[in-house]
Amino acid sequence: MKINQRHTWTLTTAEAIAIQEKLRGEIITTDKIPTPVQYVAGVDMGFEADGTISRAAVAVLSFPSLQLQETAIARRPTSFPYIPGFLSFREVPAVLDALEKINITPDIILCDGQGIAHPRRFGIACHLGLIVNIPTIGVAKSLLIGKHQEVPEARGSWQLLTDKGETIGAVLRTRTGTKPLYISSGHRVSLTTAIDYVLQCTPKYRLPETTRIADKLASSK
DNA sequence: GCGACAG
DNA sequence: ATCTTGTCGC
């Protein structure tokens, strides 16, 4: 698939903040999703050689049957450190390399990390979604920012995630008795719809099938 | 100034 | 993210 780069990736944090604050205005948090949704993709990152090499993996599954259709892997030198709030600048370049190798254009991408549940409302799911112009959902395994009530133990239970008086996402239990996931809009997906897709992509385990497959490709030998 | 802090 | 075996619990 083709990609529409919006800026370079060699930046200072001050420049990164300026980009986040500029691009966040283009984020759409209502549903602008192709119908029917036939393919969902998961993207994840791994590192090699003491972190000097980034390895991105993409897995495209059919929806709602969740059968693996296509995968791609891309490696490139790691060029940005991990700094909370700036994850996309570290991971998106390699993810774009991997997406360029994919033949099936996914209808929705589930990202490992936050969407608008971010200090400047521009997490990795927003950044990736805007660049590739595909609906994205932020699916994070831990909290970056925000507060929420305790989530009931049963699968499907959720609580709103709020920050400074605004709703920024939801904390969702995808499996009874496991830690909840932090869900937020990336681009072109509403929160309600995001929760719906995440539940449909987690028939058995805590993490979506998409991310589980991408994770194995990105992290296993 | 003191904590918090996606992967 | 990554380094890593056995172990607790459904």
Side-chain angles (χ1 to χ4, degrees), chain A residues 9 11 13 16-17 19-20 23-24 27 42-59 73-98 109-130 136-148 151 153-155 161-164 168-187 189 191 194 198 202-208 210-221:
Chain A
W9 296 96
L11 306 157
T13 53
I17 288 175
I19 286 172
Q20 292 176 326
L23 295 184
R24 71 178 174 190
I27 288 299
V43 297
D44 196 27
M45 290 284 299
F47 295 90
E48 303 174 359
D50 283 318
T52 57
I53 302 293
S54 297
R55 175 163 60 166
V58 180
I73 289 179
R75 289 180 176 78
R76 67 151 59 195
T78 303
S79 58
F80 201 92
Y82 170 67
I83 305 171
F86 301 91
L87 181 64
S88 63
F89 296 92
R90 175 174 172 84
E91 302 200 342
V92 167
V95 169
L96 294 178
D97 290 344
I109 299 174
L110 304 193
C111 303
D112 221 24
Q114 317 288 346
I116 62 171
H118 177 279
R120 289 169 293 283
R121 309 294 184 255
F122 198 73
I124 188 169
C126 301
H127 206 157
L128 180 64
L130 205 57
T136 51
I137 297 171
V139 182
K141 297 183 290 295
S142 62
L143 179 70
L144 173 61
I145 194 175
K147 303 174 304 191
H148 64 89
V151 185
E153 286 294 311
R155 163 177 160 84
L161 182 63
T162 61
D163 179 54
K164 296 175 181 170
I168 57 174
V171 189
L172 172 69
R173 194 85 65 179
T174 53
R175 179 172 174 160
T176 302
T178 64
K179 292 190 300 178
L181 295 179
Y182 299 79
I183 312 303
S184 56
S185 297
H187 184 45
V189 181
L191 180 58
V198 170
T202 50
K204 183 166 184 186
Y205 299 104
R206 179 171 84 118
L207 296 178
T210 44
T211 359
R212 295 184 74 245
I213 294 173
D215 187 68
K216 286 181 184 177
L217 293 169
S219 304
S220 72
K221 271 186 180 178

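Chain naming here is simple, since letters A, B, ... match the order of the sequence lines and numbering starts at 1 in each.
Applying the 5.5 angstrom centroid cut-off and the 30 degree plane-angle cut-off, the aromatic ring of A:Tyr82 is stacked upon the base of B:dG7.
In this structure, the side chains of A:Ile168 and A:Ser184 stay at 4.5 Å or more apart for every pair of heavy atoms. Side-chain contact between A:Leu207 and A:Asp215 is absent, with no heavy atoms from C-beta onward closer than 4.5 Å. Side-chain contact between A:Ile137 and A:Pro208 is absent, with no heavy atoms from C-beta onward closer than 4.5 Å. Side-chain contact between A:Asp163 and A:Pro119 is absent, with no heavy-atom pair separated by less than 4.5 Å. With a 4.5 Å cut-off on side-chain heavy atoms, A:Asp112 and A:Lys141 count as touching.
Looking at heavy-atom distances under 4.0 Å, A:Phe80 makes no contact with the nucleic acid at all. If you check every strand for non-hydrogen atoms under 4.0 Å, A:Ile124 touches a base. Across all strands shown, A:Gly138 has no heavy atoms under 4.0 Å from either base or sugar-phosphate atoms.
At B:dG7, one or more side-chain N or O atoms of A:Lys141 fall inside 4.0 Å of OP1 or OP2 (strictly under the cut-off). For C:dA1, neither phosphate oxygen OP1 nor OP2 lies less than 4.0 angstrom from any side-chain nitrogen or oxygen of A:Ser219. Between A:Ser142 and the phosphate of B:dG7, there is a side-chain N or O to OP1/OP2 separation shorter than 4.0 Å.
We find that CD1 of A:Ile53 is positioned 14 Å from P of C:dT2, with the value rounded to whole Å. For the pair A:Lys179 NZ and B:dA6 P, the computed distance is 12 Å after rounding to whole Å. The distance between atom CD1 of A:Ile83 and atom P of C:dA1, rounded to the nearest whole Å, is 18 Å. Here the C1' atom of nucleotide B:dA6 and the CD1 atom of A:Ile137 are 17 Å apart, to the nearest Å. Between A:Leu110 atom CG and B:dA6 atom P the separation is 20 Å, expressed in whole Å. Rounded to whole Å, the distance from CG on A:Leu143 to P on B:dC5 is 6 Å. In this structure, A:Asp44 places its CG atom 7 Å from P of C:dA1, rounding to the nearest Å. Between the C1' atom of B:dA6 and the CE atom of A:Met45 lies a distance of 13 Å, rounded to the nearest Å.
One finds no salt bridge joining A:Lys216 and A:Asp44 here, because no Lys/Arg side-chain nitrogen approaches an Asp/Glu carboxylate oxygen to under 4.0 Å.
Looking at A:Thr202, its side chain never comes within 3.5 Å of a backbone N or O of A:Arg206 through a donor-acceptor pair. Remark: the backbone N or O of A:Phe47 is not paired with any side-chain donor or acceptor of A:Arg55 at under 3.5 angstrom. The backbone N or O of A:Gly85 sits less than 3.5 Å from a side-chain atom of A:Gln20, completing a donor-acceptor pair.
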In dot-bracket notation, what is the pairing pattern of DNA chain C, taking Watson-Crick (N1-N3 plus N6-O4 or O6-N4) and G-U wobble (N1-O2 and O6-N3) contacts under 3.5 Å, with [ ] crossing and | for other strands?
-> ..........
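For DNA chain B, no stem formed by at least three consecutive Watson-Crick or G-U pairs, with both atom-pair distances below 3.5 Å, is detected.
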If you look only at distance, which donor and acceptor atoms sit under 3.5 Å apart when one is on a side chain in residues 86-98 of chain A and the other is two or more places apart or in another chain?
| residue | atom | partner | partner atom | Å |
| --- | --- | --- | --- | --- |
| A:Ser88 | OG | A:His127 | ND1 | 2.8 |
| A:Arg90 | NH1 | A:Phe80 | O | 2.9 |
| A:Asp97 | OD1 | A:Arg76 | NH2 | 3.3 |
| A:Asp97 | OD2 | A:Arg76 | NE | 2.8 |
| A:Asp97 | OD2 | A:Arg76 | NH2 | 3.2 |

